[in-house]
Novice: 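Got a structure here, written out as C-alpha cells. Questions coming.
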Amino acid sequence: MNIEPSPRRALVTGASSGIGAATALRLTSEGWHVFAVARRAEKLEHLAEQEGIVPVVCDVTDATQVASLLQTVTESGGIDTLINNAGGALGVESVAQSRAEDWRWMYEVNVLGTLNITQAFLPMLRTHGEGTVLNLTSTAGVVAYEGGAGYNAAKFGQHSLTSVLRLEEAEHNIRVIEVQPGMVRTDEFAAKRLRGDAAAAEKIYAGVEKPLVAEDIAEVIAHAVTLPHHVNLDQIVVRPVAQAAQHKVIRKG
C-alpha cells in the first residue's frame, strides 16, 4: 500500500505582498501548507482564497502577538520550515542627514523581528528533527552604499544573526539558509523607502530591461527549501544580469 507523504509545512512572514506573498503562493502550488503572516489583515485577504494558505495577522516586533502566533501554529499542526521575509527600508538620506527613528524602525523589523520569530519557533523546529530556517536578507547586508547606511546596518545585522544561527543550530540538524536579493522590483518596498514618492521609486528601475520580480525570488526560495534536507545552500546572492554589482547597473534608453 502506498502512503502519501504528509505535506511540508511552512510559515512565511511579511506575506501580505511582494516576495512574501509570491513565496506563499509558490509553495502551495507544490502542495505545501503555508501560514501566511503579516501585520495587515486586509492585505492577507487575497491569500485566504488560495487552498493551502492560512492567513495569520501578527506584527513580528510585538512579543505578545508572536506568542499568539506560535500558539495558533502549534494547535494547527506546527511547521518544519520558517521563512523570515518581513523587513523593509526607510529613507535614503546620508549618515549626516538620517533620522534615528528610521534606523530604529529598520532595526526593529529586520533584526529584532527575525529574532522574535526565530526564537519562538526554534523549539518546534528542533523537535521536528529536520527543520529549516530561511532568512531573506539583502545584498545590502554585505555591501555598503551611499544613502543606505540605516538599511545597510539593519541588513548587516540580520546577515550576522543568520550566520551565527547556522553555527549554533547545526547540532540540532536545523538547516539555515540565507537569500540575498539585489535589485528586485517590488513597488511597495520602493515606495515605502522613498516615503510615498512614486516618481522617485520609478527612477530606481529606469532603463533596466529586466529587474528581478517577486516571483523570481520565490522560485529561488522554493528551490532552496525543497532540496533534500542535508543539502544547505548557505548563502544565495540573486541579482538580475543587468546588475553586475551593487555599484554597476546596465540601463538602456
Side-chain angles (χ1 to χ4, degrees), residues 10 12-15 17-24 26-27 81-89 92 106-107 109-111 113-115 117-118 132-170 174-190 193 204-251:
V12 181
T13 66
S17 63
I19 293 170
T23 298
R26 179 67 178 79
L27 291 177
T81 300
L82 171 62
I83 299 174
N84 285 307
N85 168 74
V92 290
M106 286 185 279
Y107 190 84
V109 69
N110 290 285
V111 182
T114 297
L115 175 65
I117 294 290
T118 302
T132 295
V133 177
L134 185 147
N135 290 344
L136 191 85
T137 62
S138 171
T139 53
V142 290
V143 181
Y145 56 91
E146 292 172 288
Y151 189 53
N152 287 147
K155 285 300 184 183
F156 267 78
Q158 190 186 25
H159 165 66
S160 298
L161 182 162
T162 306
S163 298
V164 173
L165 184 69
R166 185 179 299 112
L167 295 172
E168 293 176 345
E169 293 302 320
I174 291 180
R175 175 172 59 176
V176 179
I177 303 166
E178 180 179 5
V179 177
Q180 303 171 348
M183 179 179 281
V184 183
R185 180 160 195 158
T186 52
D187 294 332
E188 186 170 321
F189 176 91
R193 183 172 196 176
I204 294 174
Y205 312 104
V208 179
E209 286 190 334
K210 290 185 178 180
L212 299 178
V213 293
E215 289 73 17
D216 295 323
I217 306 304
E219 184 73 23
V220 172
I221 291 172
H223 176 69
V225 299
T226 52
L227 285 170
H229 187 266
H230 71 285
V231 180
N232 190 8
L233 301 183
D234 284 17
Q235 297 178 12
I236 310 167
V237 177
V238 192
R239 292 190 176 101
V241 173
Q243 187 184 30
Q246 203 81 345
H247 63 280
K248 181 170 183 177
V249 179
I250 306 303
R251 301 179 188 273

Novice: Does the side chain of Val184 come within less than 4.5 Å of Pro211's, by heavy atoms?
Specialist: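 In short, these two side chains do not touch, never coming nearer than 4.5 Å.
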
Novice: Do side-chain atoms of Asn110 reach the backbone of Gly88 as a donor and acceptor pair under 3.5 angstrom?
Specialist: yes

Novice: Nearest 0.5 Å please: distance from the OG1 atom of Thr132 over to the CG atom of Leu82.
Specialist: 9.5 Å

Novice: Please examine the side chains of Leu212 and Arg185, heavy atoms only from C-beta on, and report whether any two atoms are closer than 4.5 Å.
Specialist: no

Novice: Are Asn135 and Thr162 close enough that a side-chain donor and a side-chain acceptor fall under 3.5 Å?
Specialist: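 Asn135 vs Thr162: donor-acceptor pair found between side chains.
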
Novice: Mind jotting down which residue pairs meet the ring-ring contact (aromatic ring centres under 6.0 Å, His included) criterion with at least one end in residues 139-161? Sequence neighbours excluded, please.
Specialist: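 Residue pairs with at least one partner in residues 139-161: Tyr151-Phe189.
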
Novice: Can you find a heavy atom in the side chain of Met183 that is under 4.5 Å from one in the side chain of Pro240?
Specialist: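 Yes; the side chains approach each other to less than 4.5 Å.
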
Novice: After noting the C-alpha distance and the side-chain angles of Thr137 and Glu178, does the key distance pass the side chain to side chain donor-acceptor pair (under 3.5 Å) rule?
Specialist: CA-CA 7 Å; Thr137 62; Glu178 180 179 5; 2.7 Å; yes

Novice: Decide whether Gln158 and Thr114 meet the rule of one side-chain donor and one side-chain acceptor closer than 3.5 Å.
Specialist: yes

Novice: For Gly14 and Asn85, work out which heavy atoms get closest and say how close.
Specialist: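 Minimum heavy-atom contact is O-ND2, 3.0 Å.
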
Novice: Which value, rounded to the nearest 0.5 Å, describes the distance between Asn84 atom CG and Thr13 atom OG1?
Specialist: 5.0 Å

Novice: A side-chain contact here means heavy atoms from C-beta on lying under 4.5 Å apart; do Val133 and Ile174 qualify?
Specialist: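 SC-SC contact between Val133 and Ile174 confirmed.
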
Novice: Quick one: pull up CZ in Arg175 and CG in Leu233 and give me the separation to the nearest 0.5 Å.
Specialist: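 Answer rounded to 0.5 Å: 8.0 Å.
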
Novice: Are the side chain of Asn152 and the backbone N or O of Ala144 linked by a donor-acceptor pair below 3.5 Å?
Specialist: no

Novice: Show, in sequence, the C-alpha distance, side-chain angles and deciding distance for Gln180 and Ser138, and conclude whether the side chain to side chain donor-acceptor pair (under 3.5 Å) test is met.
Specialist: CA-CA 4 Å; Gln180 303 171 348; Ser138 171; over 6 Å; no

Novice: Within this structure, what is the CG-OG1 distance for the pair Leu134 and Thr23, rounded to the nearest 0.5 Å?
Specialist: 8.5 Å

Novice: Run the side chain to side chain contact (heavy atoms under 4.5 Å, CB included) test on Ile83 and Leu27 for me, step by step, so that the C-alpha distance in whole Å, both residues' side-chain angles and the decisive distance to 0.1 Å come before the verdict.
Specialist: CA-CA 11 Å; Ile83 299 174; Leu27 291 177; 3.8 Å; yes

Novice: Report yes if some heavy atom in the side chain of Ile177 is under 4.5 Å from a heavy atom in the side chain of Asn232; otherwise report no.
Specialist: yes

Novice: Supply the atom-to-atom distance Ser160 OG to Leu165 CG, rounded to the nearest 0.5 angstrom.
Specialist: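 Here the rounded value is 12.0 Å.
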
Novice: Enumerate the residue pairs fulfilling salt bridge (charged side-chain N to carboxylate O under 4.0 Å, His left out) with a member in residues 223-242, sequence neighbours excluded, ordered by first and then second residue.
Specialist: Arg166-Asp234

Novice: What heavy-atom pair brings Ala242 and Val208 nearest, and what distance separates the two atoms?
Specialist: CB-CG1, 4.0 Å

Novice: Is there side-chain contact between Ile236 and Val238, with at least one heavy-atom pair below 4.5 Å?
Specialist: yes

Novice: Going by atom type alone, with no hydrogens or angles, which donor-acceptor pairs under 3.5 Å involve a side-chain atom of residues 216-229 and a protein atom two or more places apart or on another chain?
Specialist:
from: Asp216; atom 1: OD2; to: Val213; atom 2: N; distance (Å): 2.9
from: Glu219; atom 1: OE1; to: Arg26; atom 2: NE; distance (Å): 2.8
from: Glu219; atom 1: OE1; to: Arg26; atom 2: NH2; distance (Å): 3.4
from: Glu219; atom 1: OE2; to: Arg26; atom 2: NH2; distance (Å): 3.2
from: Thr226; atom 1: OG1; to: Ala222; atom 2: O; distance (Å): 2.6
from: Thr226; atom 1: OG1; to: His223; atom 2: O; distance (Å): 3.3
from: His229; atom 1: NE2; to: Glu130; atom 2: O; distance (Å): 3.4
from: His229; atom 1: NE2; to: Gly131; atom 2: O; distance (Å): 3.0
from: His229; atom 1: NE2; to: Asn173; atom 2: O; distance (Å): 3.3

Novice: Looking only at heavy atoms, which two atoms of Gly18 and Thr186 are closest? And how far apart?
Specialist: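 That would be CA-CG2, 4.3 Å.
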
